[in-house]
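Every chain is numbered from 1 and lettered A, B, ... according to where its sequence line falls, protein lines coming before strand lines.
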Amino acid sequence: MTKTSQTSNQSALTPLSRSLQVNAHAIHTRFGGSSDLVIRLFRSDAAPERQLALIYIAGIVDADVINDSVLAPLMSMKLPSYMEETENLLIESLRACVVSVGSVKEVSTLEEALQYMADGMCLILADGSPLALLAEAGGGKDRSVDVTQTQTVIRGPQRGFVEDIGTNISIIRRIIRSPNLHVQTHKIGSQTHSNVAVLYLHGVADESVVKEMYRRLAAIDIDGVLESGYIEEFIQDESFTLFPTLMNTERPDTVAAALLEGRVAVMVDGTPIALMAPITFFSFFQSPEDFYQRFDISSFVRVIRYAAYIVSMLLPSLYIAVTTFHQEMLPTTLLISLAAQREGVPFPGLVEALLMETTFEVLREAGLRMPRAIGPAISIVGALVLGQSAVQAGIVSAGMVIIVSFTAISNFVMPEFNMAATSRIIRFGIMLMAGMLGFFGIFISLLFVLVHLASLRSFGVPYMSPIAPTAKGSGLWRDAFIRIPWWAIVMRPMDLKLRNPRRQRSARKPPAQRH
Amino acid sequence: MKLVRWLLLLMILLLTGCWNRVELNDIAIISATGIDWKDGKWILSYQVVIPRAISSQTGESGTAAVNVFSTSGDNFRFAISKASEELSRRLYFSHNQIVIIGQEAARRGIGPLMEVYLRNHDSRETVSVFLSRSDARGIMEQLIPLEQIPGAAIQRLIVNEEIGSSAFRHMAVHDALMELLGSSKATAIPGLIIAGPGEGTESVGDLGKTTTATKVRLKDLGLIQGDKLVGWVSDEQSKGVMWLSDHVERSTVSFTCADNRKGKPTSSVRILDTSTKLKPIPANGKWIVKADVEASGVLMEYNCSGDPSKPQEVEKIEKRIEEEIKGIMTDGWEAVRKHKADVLGFGALIHKRYPKQWREASANWEELFPQTEVEITVKMRLSSTGMSNQNFKEAQKKAES
């Protein structure tokens with residue numbers, strides 16, 4: 001394939017030739033003589049004088065469909081004689097009477113034909129006809145629907161998305177069985193032509209957000225989209241922020257829940273990760289399981305999550321600030337115990353903390369990337385050598401190891417990886433500030449973070465809502481910190497400005513009958 | 001331009017240096033401070049905690065957990081600043097638990113000490129304050145069983161005493177300041193002595209035995225008038241003082257089998273709740289203070305005849321206890337009156353209730369105070385007589401017959 005032919009895709013369209021030979025050759029050339037391109041020439045009983053060709057790319061089509069629904073009927077077709085008269089009528093009649101496949105298309109240009117073939121359709125050419133027939137035969141090997149790996153729950157559906165967007169949309173369709181579930185597919189990527197689907201609940205979601213989503217997606221000009229992360233970086237409101245303004249998930253039930261709340265979901269072909277917007281800061285502290293477990297358990301766990309997030313962001317900084325600036329704040333016995341541990345430690349508290357934090361981040365990344373077989377080795381090196389021995393060797397104090405460990409564990413509590421990562425990164429900045437200015441530094445940093453958070457928007461929705469701006473009158477804002485019982489969740493999140501904010505007509509629990 | 005702004009911001013933060021950063025191993029944590037007056041100079045003693053000796057991990061047995069040393073100077077802060085001549089770390093006073101004032105220093109006046117506490121932020125006013133019969137440094141050198149840091153041990157001692165027996169009251173510097181700056185200008189501070197015949201418990205080896213030759217214990221209440229120590233009252237009198245000034249929380253009172261405190265006090269009652277209401281009444285230029293005590297408690301020990309399960313008997317017992325408490329309070333009052341130090345806060349009381357009269361009285365309050373009459377009424381309520389009825393001996397006799 002030459003460079004010019006690549007660009008000609010958009011500009012000049014080549015009409016199909018009447019000669020099958022020419023067309024087949026052109027297709028063969030455009031695919032660069034790829035070995036997986038199958039060109040099957042054959043003649044049919046019905047029109048023995050005209051050569052037919054079935055062209056498809058092996059591997060992305062379903063062989064059964066090709067054989068049973070396309071090739072077999074074509075070869076054994078019986079056509080009324082009048083149908084053979086004109087060239088185009090043959091193709092028409094093939095579509096009407098022969099090819100027993102649901103989705104078929106007629107095209108007249110080479111580029112269109114090529115595009116649909118790349119999508120998994122098979123091409124039927126007839127000699128002497130400038131039209132070509134495309135029949136849907138998509139298939140091929142793909143991962144089957146499996147248990148989610150990244151976002152596990154104890155109670156709740158276990159299946160996760162797969163790489164195939166069709167399967168993924170069908171899973172959502174099976175959860176939300178409503179014609180109101182609208183799906184709009186776009187193709188993004190001048191080379192990959194990836195399907196990007198926008199899903200929303202018509203009549204619930206804010207139409208302006210849907211329109212804005214289309215607008216932003218349409219503006220993307222890139223050669224390929226391999227993962228929803230590509231899309232996320234294009235369509236997020238603010239690039240230079242640590243905080244994610246789109247949520248991603250591997251779980252169909254999470255997407256369904258988001259759609260029911262009036263959010264818009266984006267799915268990208270080739271990845272099991274879907275995007276959701278608009279999203280607020282507090283959504284990242286909700287696990288799908290919160291809504292399946294009893295509300296009291298969920299509320300408790302949610303409070304724990306906020307605490308853990310704060311701990312994972314601030315604990316090392318607080319330790320540094322207290323031990324190097326505000327020793328008077330500690331109980332005397334604790335101070336003496338900490339002082340005893342610090343005896344003989346050569347580094348200042350800040351350096352000690354940075355050292356251990358960096359070590360942990362390295363360990364964590366190593367644990368993530370290494371082959372599974374050497375996992376235990378990392379644990380031993382991490383726990384024994386770096387933890388225990390570092391203390392015994394007097395490089396770091398035991399208290400610091402506890403602080404770093406607890407900080408790390410707290411970070412794993414977060415249900416969303418990208419939100420958990422924010423605290424990991426901000427932690428280092430705050431540690432530096434705490435090492436320089438103590439509590440004062442911590443508060444300056446927190447002020448910065450807070451101001452930044454308040455400035456963020458996700459598709460026009462303030463990131464910190466419903467706290468800033470404070471939602472008035474709706475009891476739902478409590479959903480940010482605790483989970484109220486399902487029968488009390490009457491309204492959808494108010495900050496989304498939905499067309500239909502009501503989930504239930506009224507907060508009514510079926511009264512229990514006592515005997 | 002934006003970059004420059006960010007750089008400036010970064011410089012503001014970075015160029016501050018590290019402000020008043022100090023690492024934990026650069027400070028000497030002080031657990032007790034002692035103040036003595038000797039040869040015309042203030043001697044300040046510091047009890048420095050040695051963390052390494054306390055830590056369970058690196059604990060080196062055989063070393064004392066604290067080290068005591070002194071500096072001297074014409075004033076407090078100058079003496080403290082001289083500590084750097086003999087100590088490798090910065091003195092850190094924020095965790096100081098107690099301050100002990102030697103008798104000589106207290107007679108000289110504790111004004112300079114109060115001044116230091118009022119002016120500096122690192123000297124906490126929650127520190128417990130004690131007087132010492134001997135020099136303060138001697139007490140700070142004593143090791144105390146059970147606790148590793150003697151300063152903290154003495155601090156816990158007074159707290160335990162306050163809630164357990166209430167013969168002494170936990171005096172924080174703050175409390176002393178309030179009273180000395182109040183209308184009465186007098187306060188009472190518990191005293192410490194080294195009791196016992198030995199040479200002192202100063203080495204860790206001494207703690208290895210089942211008994212120590214000497215102990216640090218609370219003894220006598222020092223009365224401070226103005227800012228000077230004017231005298232001591234005994235432990236028993238101190239309890240009376242505490243009762244008069246409503247500082248008794250819980251206590252044990254022993255009483256006799258006969259009325260009017262006659263005979264040996266063989267029985268005892270645990271006072272669980274008591275309150276004292278003082279009411280000053282002007283009387284011909286003098287003052288009468290009415291003290292109404294309400295107390296309740298349980299019978300703990302009863303070695304008298306009579307059956308305490310009978311209401312009449314209980315009333316008798318209550319009356320004897322009332323007399324006993326009244327006696328204790330009268331003793332306390334007489335002792336304080338003798339020293340002419342209004343540690344009971346009568347002055348403040350009158351000031352609050354009769355501001356006009358106080359204006360005249362305050363001028364010569366020191367003369368007026370000892371002439372004040374105190375009328376004590378006690379109402380005792382015995383809420384329980386315990387799990388047995390008669391006294392053990394009585395029960396034995398009954399079994400014989």
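- Pairs engaging residues 150-178 of chain B under the salt bridge (Lys or Arg N to Asp or Glu O under 4.0 Å) rule: B/Glu147-B/Arg156, B/Arg169-B/Glu179 [sequence neighbours left out].
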Atom pairs and distances, side-chain donor-acceptor, residues 231-238 of chain A, under 3.5 Å, sequence neighbours left out:
{"from": "A/Asp237", "atom 1": "OD1", "to": "A/Arg216", "atom 2": "NH1", "distance (Å)": "3.0"}
{"from": "A/Asp237", "atom 1": "OD1", "to": "A/Phe459", "atom 2": "N", "distance (Å)": "2.9"}
{"from": "A/Asp237", "atom 1": "OD2", "to": "A/Phe459", "atom 2": "N", "distance (Å)": "3.2"}

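- More than 12 heavy-atom neighbours from other residues, nucleotides or ligands sit within 6.0 angstrom of CZ on B/Phe69.
- Atom CZ of A/Phe347 is separated from atom CD of B/Glu23 by 12.0 Å, given to the nearest 0.5 angstrom.
- Nearest approach of A/Met329 to B/Arg124, heavy atoms of both residues: N-NH2, 4.4 Å.
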(message) Pair A/Thr324, B/Val22 - check side chain to side chain contact (heavy atoms under 4.5 Å, CB included), show working.
(response) CA-CA 5 Å; A/Thr324 57; B/Val22 57; over 6 Å; no

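- Remark: A/Phe428 CZ is packed, more than 12 non-hydrogen atoms of other residues, nucleotides or ligands lying under 6.0 Å away.
- More than 12 heavy atoms of other residues, nucleotides or ligands sit less than 6.0 Å from atom OH of A/Tyr306.
- In this structure, CD in A/Glu328 is found 8.0 Å from NE2 in B/His121, a value given to the nearest 0.5 Å.
- Smallest separation of non-hydrogen atoms from A/Ile336 and B/Val49: CD1-CG1, 3.8 Å.
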(request) Given side chain to side chain contact (heavy atoms under 4.5 Å, CB included), test A/Leu437 with B/Arg21 step by step and report yes or no. (result) CA-CA 8 Å; A/Leu437 297 168; B/Arg21 183 178 72 89; over 6 Å; no

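- With sequence neighbours excluded, the residues forming a side-chain hydrogen bond (donor to acceptor under 3.5 Å, both in side chains) with B/Glu141 are B/Arg137, listed by chain and number.
- Remark: side-chain polar atoms of A/Glu343 are not paired, donor with acceptor, to backbone N or O of B/Leu24 under 3.5 angstrom.
- By a heavy-atom distance cut of under 4.5 Å, B/Tyr92, B/Ser94, B/His95, B/Gln97 are the residues of residues 90-99 of chain B near chain A, going up by number.
- Shown here for B/Ile29 and A/Ala339, the closest heavy-atom pair between the two residues is CD1-CB, 4.2 Å.
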